[in-house]
2 protein chains.
Amino acid sequence: MSDVSRIAALLGDPARANILTALMDGRALTAKELAFAAHVSPQTTSGHLAKLTDAQLLSVERQGRHRYYRLFSPLVGQMLESVMALAASASPAPRTWRGPEGLRTARTCYDHLAGRLGVALADSLTEAGHIVLSPDGGETTASGDAFLAEFGAHPADGRRVLCRPCLDWSERRPHLAGRVGAALCHRCLDLGWLQRQRDTRAVAITPAGKRGFAEVFGISCNW
Amino acid sequence: MSDVSRIAALLGDPARANILTALMDGRALTAKELAFAAHVSPQTTSGHLAKLTDAQLLSVERQGRHRYYRLFSPLVGQMLESVMALAASASPAPRTWRGPEGLRTARTCYDHLAGRLGVALADSLTEAGHIVLSPDGGETTASGDAFLAEFGAHPADGRRVLCRPCLDWSERRPHLAGRVGAALCHRCLDLGWLQRQRDTRAVAITPAGKRGFAEVFGISCNW
DNA sequence: CTGATCCTTCGGCCGGCGCCGAGGCGTCCA
DNA sequence: TGGACGCCTCGGCGCCGGCCGAAGGATCAG
C-alpha cells in the first residue's frame, strides 16, 4: 500500500538500522564488518543486505571475494539524519550517540563544518563578537569581517546567504553555514588543518590543525 | 538498541504510515477518521494511535467524546517528507501521490508556495524571462524586477538569498524560494487570491485567485 | 434514564519475519 | 590442487505484533 511503510519497515529492524547507521559516514564496508556492526550472524546479515540492496537503499560493489556495501545515495543519508533528529528530540531521555565516532568529531555538512568542531567554531566566533546568530539568520560584525580577512577565509561572492546557523544533529546545537561557513571550511582544508577522509563526510584534524585551532580560536580538540 | 529502528518500526506498519500520511498537512483528525484512512478497524486504530502518541509522533486533544490527533511537531512532518522523497526516488516505477489532495494543489513550504501552484508560478516566471533558475541558485532579470514591483510583491531586505529553486517533493520539479518566493506568497495572500487553511500548510485558491492567476500568470488552476 | 456515538481495553488467533545451522559456490594463496 | 576465507541460499524454529470480536467507560441528545 504505502511507499512510506515499505521503506520504513526496512529501517525498523534493529539489525538493518545498525547497518545503515554504520554506513552513514559514506564509507563502504564489507558484509562481514556489517555483520559485526549489526550484532547478528553473517547469514542473517546477508539476508538484510539483500533486502536493503533490492530496495535501493544500498549499493554493492564486488571486489575479489569481498562485497563492499555503501549507501545508495545521499538521499538515504538525509533520511537517516531526519529520523535520528526526530529520535533525539522525541526520546524521553536524550540518548548517547551511537553512530561512527569520527562523524561526531568533525564532518562536512554540504560545504561547511559540522560536528563538535563545527559547533566549537561557531561558539568561538560568537563569544569573540565576530558573528551574531539568531534562529532565523545571522551576520558578521566589523571585527568579524576583519578577523576572517586576516585568517584568509574570504567568503565567495554571490547572492547566497552570508552567514546562518544550521542545527547540528549530533551536537543538538547550531554550527555555522552560509558563505562564511564555507569559506572557513575551505581555508582550514587549505591550511592543512583538516583532511578529508576518502569517501567520507568525516574530516580528520591534523596535528597542525590541533595547534592552529587552539591558537586562533581557543579550541582544544581533545575529544 | 537503536533509536532509529524504534521510530522507523512505527512508520513501518502500513496502517500507521497511512495515519501519519493523512495527518501530514497539519490537520487534526479524529480516531474514527484515521481508522477510515488507515483501512483498519477502530480497535486496531486505537492501538496504533496509542503507540504513536507514546512515541511522541502524535499529540492528542480531547474534545467531548472525540479525540483529535495531529502530528506532534513539524519535525515529524519533515521526517515523513524525507522518507517519501526517498520512496519516490527509489521505487522502480514512480508511484502516484497518496497524501491529502489539498496539499498537492497548493501549500506553503516555510514562507513560500509549493505544490502544483508553486511549480506553475515558477514555470510561468521562467517562461516570461522574469527569473532564471539553475540547480545551485537563481536570479531575477530586469524585467522580473519590474514585473514584481508592478505586481506589488516587494522582496524584503536582508542577506537571505533573493531567489532560488526548491525541489517540490509532490511534483518532483522546482518551485520558487528565497525572498522573491516569500514576497510572492505574501502578496497573493494579501490580494485574497489565496487563503490559509486553519491548522494546515495547505492553502486554498479563492475565485478571485483563480481569475488573477489566469490573467497575470497565465495559469488556469483547473486541477 | 435510555439509547447512540466515540473510543478504549482485553483476549485469542495467525501470519510474517528475524534468527541460526548446514551446505554450496566463488576467490585467493601456497 | 587443497585448504582457508567470504559470502550466499535453504530450511525450520520461535516469537513478535497486527488483526478483529466482545465488552466496558465517557459523553451527548432526547
Side-chain angles (χ1 to χ4, degrees), chain A residues 1-23 27-72 83 87, chain B residues 1-23 27-72:
Chain A
M1 169 59 60
S2 161
D3 291 324
V4 173
S5 66
R6 224 187 63 256
I7 300 285
L10 289 170
L11 314 195
D13 177 77
R16 285 192 295 259
N18 287 336
I19 289 174
L20 291 166
T21 302
L23 293 169
R27 285 176 303 177
L29 298 179
T30 67
K32 192 184 190 180
E33 292 170 317
L34 291 171
F36 178 77
H39 303 115
V40 289
S41 72
Q43 309 94 291
T44 302
T45 305
S46 177
H48 288 313
L49 291 173
K51 285 180 188 173
L52 292 170
T53 308
D54 276 354
Q56 307 218 334
L57 294 185
L58 297 183
S59 60
V60 200
E61 200 174 333
R62 305 189 49 151
Q63 226 170 83
R65 51 183 165 177
H66 298 280
R67 296 199 182 184
Y68 286 92
Y69 290 87
R70 69 173 70 231
L71 297 190
F72 189 87
V83 177
Chain B
M1 168 61 58
S2 160
D3 291 323
V4 173
S5 65
R6 224 187 64 254
I7 300 285
L10 289 170
L11 313 196
D13 177 77
R16 284 192 295 259
N18 287 337
I19 289 174
L20 290 166
T21 303
L23 292 170
R27 286 176 302 177
L29 298 179
T30 67
K32 191 183 190 182
E33 291 168 319
L34 291 171
F36 178 78
H39 304 114
V40 289
S41 71
Q43 309 92 292
T44 302
T45 304
S46 177
H48 289 314
L49 292 173
K51 285 179 188 174
L52 293 170
T53 308
D54 276 353
Q56 306 218 332
L57 294 186
L58 297 183
S59 60
V60 200
E61 201 173 332
R62 305 190 49 152
Q63 225 169 85
R65 51 184 167 177
H66 299 279
R67 296 200 183 184
Y68 286 92
Y69 290 86
R70 67 174 71 231
L71 297 190
F72 190 86

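Here is the naming used below: chain letters follow the sequence lines, and residue numbers restart at 1 for every chain.
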*asked:* By the 4.0 Å heavy-atom rule, please label B:Tyr68 as base, sugar-phosphate, or nothing.
replied: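 Since no nucleic acid heavy atom lies under 4.0 Å of B:Tyr68, the category is nothing.
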ask   = Contact class for B:Thr45 vs. all strands (heavy atom < 4.0 Å): base, sugar-phosphate, or nothing?
value =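 The answer is nothing, as B:Thr45 stays clear of every strand by at least 4.0 Å.
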Looking at every heavy atom in both [X] and [Y], which two are closest together, and how far apart are they?
X	Y	value
A:Ala15	A:Ala38	O-CB, 3.6 Å
A:Phe72	A:Ser59	CD1-CB, 3.9 Å
A:Thr53	A:Leu49	OG1-O, 2.6 Å
A:Ala17	B:Ser5	CB-CB, 3.7 Å

Rounding to an integer number of Å, can you tell me how far A:Asp54 CG sits from D:dC8 P?
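Spelled out: CG on A:Asp54 to P on D:dC8 is 12 Å.
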For atom NZ of A:Lys32 and atom C1' of D:dA4, their distance in whole Å:
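A:Lys32 atom NZ is separated from D:dA4 atom C1' by 11 Å.
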Q: Using a strict cut-off of less than 4.0 Å between a Lys/Arg side-chain nitrogen and an Asp/Glu carboxylate oxygen, indicate whether B:Asp3 and B:Arg6 qualify as a salt bridge.
A: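 The answer is yes: the pair qualifies as a salt bridge.
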Taking the side chain as every heavy atom from C-beta outward, state whether [X] and [Y] have any pair of such atoms under 4.5 Å apart.
X	Y	value
B:Leu71	B:Leu57	no
A:Val60	A:Tyr69	yes
A:Leu23	A:Leu34	yes
A:Ile19	A:Leu29	no
B:Leu20	A:Val4	no

**Item:** Difference in axis direction between the ends of the helix from C:dC1-D:dG30 to C:dA30-D:dT1, five pairs, 10°
**Value:**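 That helix gives 30° between its end axes.
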Practice problem: Find which nucleotide of DNA chain D each of A:Gly47 and A:His66 is nearest to by heavy atoms, and output the residue with the more 5' nucleotide. | Solution: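 It is A:His66 whose nearest nucleotide is closer to the 5' end.
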Apply the side chain to side chain contact (heavy atoms under 4.5 Å, CB included) test between A:Arg16 and each candidate in A:Leu52, A:Leu11, A:Leu58; give the one that qualifies.
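Result for side chain to side chain contact (heavy atoms under 4.5 Å, CB included) with A:Arg16: A:Leu52.
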Whether each nucleotide of nucleotides 19-30 of chain D has a protein heavy atom under 4.0 Å at its base (B), only at its sugar-phosphate (S) or at neither (-) is summarised, 5' to 3', as SBBB----BS--
- For DNA chain C, which nucleotides open and close the run of contacts to chain A, 5' to 3', at under 4.0 angstrom from a non-hydrogen atom?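 Span of nucleotides near chain A: C:dG18 to C:dC28.
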